[in-house]
Amino acid sequence: MITLNEGQYAAVTAPDGPALVLAGAGSGKTRVIIERLAWLVGERGVNPRHLLALTFTNKAADEMRRRLALRLGVDRVSAWLGTFHAFGLFLLRREIDRLGRSKSFTVFDDRDQLSLMKRLVKDLPSTCAAVSPREALTWISHLKQRADEPLAGEAGDDAEKTFRLLWARYHEALDRISAVDFDDLLVLLVRLLKEHPDVQEKYQRRYRHILVDEYQDTNHAQYLIAKLLSRGHGNLFVVGDEDQSIYSWRGADINNILDFARDFPDALVYRLEQNYRSTKPILEAANAVVSHNRNRLGKKLWAAADAGEAVRFFLAGDGEEEAHFVVADLVKQRFAPKQVAVLFRTNAQSRLLEEALRKKGIHYIVVGGIKFYGRKEIKDIVCYLRLLVNPADDESLRRVLNVPPRGIGGASFERIEAYATMRGLPLFQVLREIETDDTLAMRARNAAAAFVRLVDDLALEAKTSALAPLTESLIERIGYRGYVEKSDEKDFRIEIIDEFVSSCAQYDVAEGKGLQEFLQDLALVSDTDDYDPEQPAVTLMTCHSAKGLEFDYVYLVGLEEGLLPLVRDYDYDADVEEERRLCYVAMTRARKGLTLSAARSRVLYGRTEERRVSRFVEEAGTAVSPCADRGRAPAKKKAPEAASADPAKMKTGTRVRHAKFGPGTVMYTKGSGDKLKARIRFQTGRTALLMVKQAPLEILEG
DNA sequence: GAGCGAAACGAGGAT
DNA sequence: CGTTTCGCTC
């Protein structure tokens with residue numbers, strides 16, 4: 001283990017072979033990668049085409065590209081810099097036919113996945129356990145990412161059986177329209193490299209040096225990709241910080257970084273512990289919090305700068321008061337808006353802050369939240385465009401067949417669908433033949449025929465036309481603007497449509513790629529990509545989105561038990577260590593000033609709830625001082641809970657009583673022993689997944 | 001089948 | 001509280 005300080009990047013970057021750089025927050029992590037790339041090109045004379053640098057966001061890749069070009073003094077860098085998912089898409093476009101799949105494939109984004117899964121859950125036989133579409137997608141995603149492990153033979157509990165059934169149906173639906181989802185972009189790439197040694201060798205030769213940023217957030221499939229590509233030359237250079245691993249819910253495996261040295265025995269391991277970003281008080285507070293974690297390699301960051309204002313804590317009466325305090329404070333302190341970020345755990349918290357800022361006439365931007373490309377208007381248009389490329393895309397057709405309304409309602413659609421299922425045909429094929437079907441209403445028949453003509457015409461136009469004019473003529477022909485104009489917020493929605501057309505025009509100019517590539521790329525665009533920190537506005541975003549960014553002044557709001565750390569319903573299984581890391585990430589975004597806040601009560605789902613101050617505030621210790629003229633509320637003791645029920649007696653159908661929710665019935669259980677969880681449907685109609693050992697439950701006899 | 005108001009349902013984080 | 005679905009009427 002080699003610990004390095006200022007100006008010693010060169011030592012890190014020189015050797016060949018596997019290397020891990022453990023770089024604390026604000027220690028110049030990106031700089032290490034830039035220096036390494038520059039050294040390889042400048043000193044070793046490596047052709048940039050042989051370099052592959054993988055990141056987690058487009059934003060990080062763009063930043064890297066910009067800085068490397070600057071460092072090398074060139075206009076354009078020909079190294080491959082981008083996200084894992086973009087790299088997967090890039091290689092699959094070239095090689096997916098080796099897996100016996102069509103080269104023209106659709107990329108599903110999370111909304112596509114969700115709407116498909118919603119339908120599949122709805123169509124489930126009534127004997128299946130009740131699961132939510134989200135749960136199912138998460139379950140499938142986690143299992144898929146394991147990539148190389150065979151399926152466990154036995155089916156497990158009721159919920160798992162349902163998940164497996166949904167998995168099969170989900171992939172049937174995807175295969176039918178040759179679509180791939182986010183995980184497939186990685187998993188199919190792993191398969192390609194594993195099953196086709198010639199392909200693996202080709203890309204090993206092409207990419208002589210592989211660099212991975214944010215290594216702590218890699219999942220198993222990403223780990224395999226890095227490993228498979230670097231086998232042979234061993235030049236795998238990864239940079240990360242185990243204290244900033246905040247994506248386990250997305251499948252990230254912190255063990256990839258914790259076990260790197262064991263996994264690559266000849267690896268060199270470096271530490272960067274000097275922080276150039278934050279003042280001493282901020283760093284002390286953040287260190288104090290994260291030092292409560294046990295599962296870490298252990299680093300002690302120290303500040304380059306000695307002086308600095310103390311970290312403050314403000315306790316508000318409720319959420320409104322908290323938001324008001326933040327806004328009044330940043331005005332009082334005369335911070336320039338672009339110096340300030342307000343960070344929160346959940347997107348729902350942004351509303352109060354937006355209102356408070358609007359009231360004072362302060363400019364702000366919300367990063368994340370409802371994504372531009374996720375808007376209904378854009379999804380509608382995109383689904384039409386997909387249909388032009390692939391008329392057999394039933395999923396897209398389902399969405400747009402009656403948008404705007406053209407007289408094909410639920411009843412007609414069900415008839416068409418039943419017919420398609422019976423004959424095993426795509427829906428569009430059935431629509432083509434519909435004129436001969438006299439069981440359908442004349443209105444629906446005519447509408448369907450017009451729809452077929454529309455798609456055919458535009459598909460023809462797509463062959464010769466550029467993207468923007470094509471999209472414009474689509475919008476024209478379906479009368480989409482007129483349709484939107486009849487609704488609320490019409491100006492805003494028209495603006496979104498116009499913005500989409502202009503983004504098509506930009507793509508026409510910049511990429512010179514076709515409609516299909518455009519549609520595939522769209523799925524990978526994220527909202528943080530075009531975030532511009534130079535705008536004269538206060539930045540509002542989640543702690544997750546803030547990773548990799550820095551601000552002069554940071555307000556971290558909602559430091560309450562249940563919110564940060566977040567605990568969902570009665571799911572006591574929450575991973576507090578990851579929440580602590582998230583808190584650490586948020587705190588270390590601040591350069592000069594950090595203010596923490598919480599509220600004594602907060603409105604949730606329209607109901608007011610009492611809150612307790614987060615344990616993280618206390619853990620930050622003496623580095624944090626209460627805000628002037630407001631005392632800190634006495635930390636209330638947690639109310640004693642009713643004795644918990646015996647997990648062994650929990651079976652499907654067991655009648656129970658919950659201290660808060662009242663009587664209910666166990667729908668299914670999962671896990672075992674003390675970790676047994678039960679999904680319970682209460683008489684009130686709501687269901688909850690409870691840790692039996694900890695929830696205030698009693699078993700009712702009979 | 002479309003359109004509207006009422007009721008039910010639902011929000012963790014996001015490539 | 002905000003959004004989606006339901007169910008009734010035209």
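Labels below follow one simple rule: chain letters A, B, ... track the order of the sequence lines, proteins then strands, and each chain is numbered from 1. In what follows, every heavy atom counts, from backbone to side chain, and hydrogens, waters and symmetry copies are set aside.
Rounded to whole Å, atom C1' of B/dA11 lies 14 Å from atom CZ of A/Arg602. Rounded to an integer number of Å, the gap from A/Leu137 CG to B/dG12 P is 14 Å. In this structure, A/Leu401 places its CG atom 13 Å from C1' of B/dG1, rounding to the nearest Å.
In terms of heavy atoms, A/Ala25 sits closest to A/Arg589 at CB-NH2, 4.0 Å.
With ring centers used as reference points, A/Phe84 lies under 6.0 Å from A/Phe56. A centroid separation of less than 6.0 Å is found between the aromatic rings of A/His544 and A/Trp249. Aromatic pair A/Phe87/A/Trp80: ring centres closer than 6.0 Å.
Nearer to the 5' terminus of DNA chain B, by closest-nucleotide assignment, is the contact made by A/Ser412 (compared with the other of A/Leu604 and A/Ser412).
Between A/Phe451 and A/Tyr384, the two ring planes are tilted [angle within 30° to 60°].
When the side-chain contact (heavy atoms from CB on, under 4.5 Å) test is applied to A/Ile494, the partners found at least two apart in sequence or on another chain are A/Arg481, A/Val484, A/Glu485, A/Asp498. Qualifying side-chain hydrogen bond (donor to acceptor under 3.5 Å, both in side chains) partners for A/Lys513, counting only residues two or more places apart in sequence or in other chains: A/Asp521. A/Asn402 pairs by the side-chain hydrogen bond (donor to acceptor under 3.5 Å, both in side chains) definition with nothing, not counting sequence neighbours.
Across all strands shown, A/Ala411 has heavy atoms under 4.0 Å from sugar-phosphate atoms exclusively, and none from any base.
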Shorter than 3.5 Å, N or O on both sides, protein versus nucleotides 5-7 of chain B: list them out with atom names.
none

Within the sub-3.5 Å range, which N or O atoms of nucleotides 13-15 of chain B have a protein N or O partner, and how far apart are they?
| residue | atom | partner | partner atom | Å |
| --- | --- | --- | --- | --- |
| B/dG13 | OP1 | A/Asn347 | N | 2.4 |
| B/dG13 | OP1 | A/Asn347 | ND2 | 3.2 |
| B/dG13 | O4' | A/Arg345 | NH1 | 3.2 |
| B/dG13 | N3 | A/Trp249 | NE1 | 3.2 |
| B/dA14 | OP1 | A/Thr542 | OG1 | 3.1 |
| B/dA14 | OP1 | A/Ser545 | OG | 2.9 |
| B/dA14 | OP2 | A/Asn347 | ND2 | 3.3 |
| B/dT15 | OP1 | A/Ser526 | OG | 3.3 |
| B/dT15 | O3' | A/Phe56 | O | 3.2 |
| B/dT15 | O2 | A/His85 | NE2 | 2.9 |

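Cation-pi contact between A/Arg250 and A/Tyr247: present, with separation from the ring centre below 6.0 Å and deviation from the ring axis of at most 45°.
Contact check on A/Asp183 versus A/Arg146 returns no salt bridge, with no Lys/Arg side-chain nitrogen under 4.0 Å from an Asp/Glu carboxylate oxygen.
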Summary of protein contacts for nucleotides 1-10 of chain C, nucleotide by nucleotide, where a base hit scores B, a sugar-phosphate-only hit scores S (4.0 Å, heavy atoms): BS--------

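Checking side-chain atoms of A/Glu619 against main-chain N and O of A/Val290 turns up no donor-acceptor pair under 3.5 Å.
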